[in-house]
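Please read the structure below before turning to the comments.
Quick note on labels: first sequence line is chain A, next is B, and so on, each numbered from 1. Fair warning: this is a prediction, and the values are worked out from it, not measured in the lab.
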Amino acid sequence: MSEPTIVAEITTEPLDGGQLSARLCTLEDGAVVVFEGRVRDSNAGRRVARLRYEAYAEMAERVLAEIASEAAERYAVGAVGAAHRTGSLELGEASVIVAVVAPHREAAYEASRYVIEAIKQRLPIWKEEHYADGTSAWLGEQPAEGKAP
Amino acid sequence: MSEPTIVAEITTEPLDGGQLSARLCTLEDGAVVVFEGRVRDSNAGRRVARLRYEAYAEMAERVLAEIASEAAERYAVGAVGAAHRTGSLELGEASVIVAVVAPHREAAYEASRYVIEAIKQRLPIWKEEHYADGTSAWLGEQPAEGKAP
Amino acid sequence: MWDQTPQSPIGNSPSVAASTVAVRVLLFGVYRELAGRPELQIELPSGSSLAELVTELRALPGLERLPERPAVARNLKYASLSEILDPADEVALIPPVAGG
Amino acid sequence: MWDQTPQSPIGNSPSVAASTVAVRVLLFGVYRELAGRPELQIELPSGSSLAELVTELRALPGLERLPERPAVARNLKYASLSEILDPADEVALIPPVAGG
């Protein structure tokens with residue numbers, strides 16, 4: 001198997017998982033796993049109207065490429081692609097996609113899971129939820145104490 | 001959450017995972033996992049030219065719906081869709097797709113994995129590999145002894 | 001152990017008309033190729049099990065290579081070989097599956 | 001513990017010109033809102049650590065609510081608060097991330 005392909009993008013454009021996986025797939029790859037994270041209409045019991053994602057874009061692209069490369073080193077995959085959207089998103093729109101293609105399904109699932117968990121832990125992106133009642137809040141999924149998460 | 005949606009199809013038409021997940025997704029679902037199995041150009045060291053899938057179609061649609069329903073009972077998901085293609089497939093074409101949408105990603109990944117593993121264990125579908133050297137062989141991934149696999 | 005001759009009318013069966021069962025047998029994949037055909041009609045004594053049907057089938061030309069205990073489906077569901085056949089059952093012999 | 005006055009020229013620093021470091025500090029999300037701005041320029045004595053930079057920042061209006069030990073990045077990489085600042089470093093304060 002040749003060196004795995006890595007794609008990592010931070011973009012304000014709408015995301016398309018099928019398009020990303022089509023770009024990555026080769027005839028050696030029998031398994032494709034695409035994860036898509038979408039804007040839900042509620043969170044922690046509150047009605048969400050829309051979201052805004054803010055990124056430290058230059059760093060986030062590096063970190064996303066690092067995460068994808070780590071997954072490609074750990075698992076026997078042909079390619080790992082990940083993209084995160086920034087700016088304002090409506091309900092139902094995709095905020096993140098992860099596409100992994102691999103000769104076999106076990107590696108594809110595991111690499112996919114690795115990437116999305118790492119994104120949630122350390123991609124420098126922030127989410128501001130705007131609620132149906134007109135208020136808004138910044139979310140953070142883990143404490144920011146100390147050094148690198 | 002309302003009753004999960006179940007889609008199960010055995011078809012000779014090309015499969016499209018993005019289309020299937022789009023049909024299933026609601027605004028309650030923040031996570032989408034799409035698995036696609038594709039025809040690889042080699043298997044067990046032999047060059048594959050194309051595949052032919054044969055199904056006991058009437059039973060396979062029932063079994064596929066059962067599998068999808070089992071996944072929807074076990075995991076907190078909004079919908080489970082699965083489709084398997086039959087007939088002749090060229091290299092790179094999708095033979096199977098599984099789309100799961102769920103409020104949260106853990107359930108989406110787990111249900112997706114459950115469905116594809118169960119498909120491989122008990123969906124009454126058979127695969128004839130046609131090799132580059134002109135020969136062909138029927139594949140079977142587990143012994144057929146005794147009762148239901 | 002059974003042959004295809006209908007059971008004697010003085011057998012145990014309460015109904016004379018039900019002394020045999022006719023089942024449709026579907027064959028797929030490698031089993032279909034062994035038999036050289038996708039479907040068979042088999043008549044067996046009433047009360048025969050799926051295991052006994054398999055024994056009959058293994059006596060047919062080409063099907064000697066069928067496993068002694070293949071996976072089977074009865075009326076679209078996986079079934080145990082100990083199940084007793086009903087008239088008009090549709091039985092399928094299920095080779096090792098290879099979906100996905 | 002440090003103030004923003006340049007270190008005395010008779011300090012330990014071998015080069016007089018390097019007695020202070022000027023760093024660019026980027027603020028995101030909730031930290032940006034606390035500061036009321038996305039970016040600051042801070043001058044610190046040479047040899048200052050990231051922890052010392054954080055102490056300086058927490059003395060600024062609005063940033064009192066910054067955690068004592070926030071996550072930080074230095075030149076696009078997560079960094080330990082014990083790291084010593086280099087001139088022209090780009091430092092970012094990283095609020096709890098919420099990608100995905």
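- Contact annotation for residues 39-51 of chain A against chain B (heavy-atom separation below 4.5 Å, listed by residue number): A/V39, A/R40, A/D41.
- Relative ring orientation between A/Y109 and B/Y109 is described as perpendicular, the plane-to-plane angle rising above 60° on a 0-90° scale split at 30° and 60°.
- Put simply, of B/V98, B/V101, B/I116, B/V34, the one with the most heavy-atom pairs under 4.5 Å next to chain A is B/V34.
- No other option in A/E106, A/Q19, A/R113 has as many heavy-atom pairs under 4.5 Å with chain B as A/R113.
- Here the CD-CZ distance, from B/E28 to A/R38, works out to 13.5 Å after rounding to the nearest 0.5 Å.
- If you tally non-hydrogen atom pairs under 4.5 Å between each of B/G17, B/G18, B/C25 and chain A, the highest count goes to B/C25.
- Scanning residues 53-65 of chain B against chain A with a 4.5 Å heavy-atom cutoff picks out nothing at all.
- Put simply, of A/V33, A/D16, A/V32, A/L91, the one with the most heavy-atom pairs under 4.5 Å next to chain B is A/V32.
- For B/S95, no part lies near chain A; criterion is any non-hydrogen pair under 4.5 Å.
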